[in-house]
Number of protein chains: 2
Amino acid sequence: MRYQQKERRQENLRDIIARNPLLTDRELAVYFGVSVPTIRLDRAELGIAELRQRTRLVANEAIELRALGQQEIVGKLLELKIGRCGRSELMIDKTMILTKAQAARGHHLFGQANSLAVALIDAEVALTGSAEVKFLRPVRLKERVVAEGRVIKRKKDKYWIEVVSRVNGEDVLSGKWIMFGFAAAAFAAGEGE
Amino acid sequence: MRYQQKERRQENLRDIIARNPLLTDRELAVYFGVSVPTIRLDRAELGIAELRQRTRLVANEAIELRALGQQEIVGKLLELKIGRCGRSELMIDKTMILTKAQAARGHHLFGQANSLAVALIDAEVALTGSAEVKFLRPVRLKERVVAEGRVIKRKKDKYWIEVVSRVNGEDVLSGKWIMFGFAAAAFAAGEGE
DNA sequence: CGATTTTTATTACCTGGTCATAATTATAAC
DNA sequence: GTTATAATTATGACCAGGTAATAAAAATCG
């Protein structure tokens, strides 16, 4: 009655474990209406590791991701004179590139420059008012982008900032920002949640 | 000789497990120069779960992060006529906001608009040449940003594109892109790695 | 029908624990 | 010194979720 389903079951098994790696053999056995040894056999034939190894692999991934998340996506500050000028660097890693183009996605370069602009503002809360950005050439994997920003003008809460990003001295991005700086208290009035 | 160090050891234990949750009791025992039962006692007194539970917790985190990563950071396409116009939406979640300002980081909005511009290009590889962007008002948690883009002009590989992003019909970002579209083969010439 | 494949059962063993109990230490108190 | 106390270690019985190997049973096909 339920025979010759080996192939189909094994395909499903592969999918299900891929989507949910934290299922025990017993749970899988119940799911497929088959005995635990059958599931073990299937896993063996498919080269799928046991639950605890799978869990560990996923956990390791999490630890890497966590480390990645903590390393600011928008670059590391090299020097900063608040209200004056500053520099930051960004290493282009594989998570930032469009695979086809082998070039960094524009918003990473924008993010670096924008974050530098934020850091330059002498205020608790900085918002991007407007930005005018030119992408001068694509940036590739493993290149080191150094952004250099300067405050050109300031009137009260309004700041004019220029940023140029370079790879090996060659300009890759240039832009002008107009930003607003507030005290956090003044801003917090309009919060949600 | 090695006595009365219980407190210090337990503090260290807490730290070490927090930083590296995937250590077995045996490894910890070796590290502290103490027996495995002592480590178990310490864990019990500190309310720290066993290795496999810790691993599972970290793995669950990873699965959530993975799910987050797959939901494109740069928005979901609503409609697209390649070479003509298109619309995409982006839900602002807690990972996109600057905690102090309660406003979305600029590069997410930029990323959405930029990605839409890329999608509009009728080419295998699209690069941002230059962009001129205005951020008209900050965007907050849980707001739904709809970006609308149009190709205004095209000369060979060069495209002029306009994008306007709105929340509830209100403009929050507007910008003009100049982009270049290539066939992937033509581009792949200058690859690294 | 018999041969073959698939599935199930069974057993011994492994890791990394739990829990409880007992024995051993180290340290300070008298 | 001896003793009370706290900290540490040892021990044994048990558990989940496996590995690995072997045998038995069931389903399918020629």
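All chains are named by letter (A, B, ...) in the order of the sequence lines, taking the proteins before the strands, and each is independently numbered beginning at 1. We use all heavy atoms of the structure for the numbers below, so side chains are in, but hydrogens, waters and symmetry mates are not.
Nucleotide dA20(C) holds its P atom 12 Å from the CG atom of L41(B), rounded to whole Å. Residue D42(A) contributes atom CG, which lies 12 Å from atom P of dT19(D) at whole-angstrom precision.
Counting all heavy atoms, side chain and backbone alike, L136(A) lies closest to S174(A) at CD1-N, 4.2 Å.
Side-chain N/O atoms of S35(B) include none lying less than 4.0 angstrom from OP1 or OP2 on dT8(D). In this model, the phosphate group of dG18(D) is not approached by any side-chain N or O of R26(A) to a distance below 4.0 Å at OP1 or OP2.
Side chain of R52(A), nearest nucleotide from dT10(C), dT9(D), dT15(C): dT15(C). Residue T38(A) places its side chain closer to dT8(C) than to any other of dT8(C), dG18(D), dT8(D). Among the nucleotides dT7(C), dT8(D), dT18(C), the one closest to any side-chain atom of R40(B) is dT18(C). With dA9(C), dT8(D), dT7(C) as the choices, the nucleotide that has an atom nearest any side-chain atom of P37(A) turns out to be dA9(C). Out of dT19(D), dT7(C), dG17(C), the shortest distance to the side chain of K6(A) is found at dT7(C).
Residues E143(B) and R137(B) are paired through a salt bridge, judged by an N-O separation under 4.0 Å between the basic side chain and the carboxylate.
In this structure, R54(B) reaches neither bases nor backbone, as no heavy-atom distance under 4.0 Å exists between it and the strands shown.
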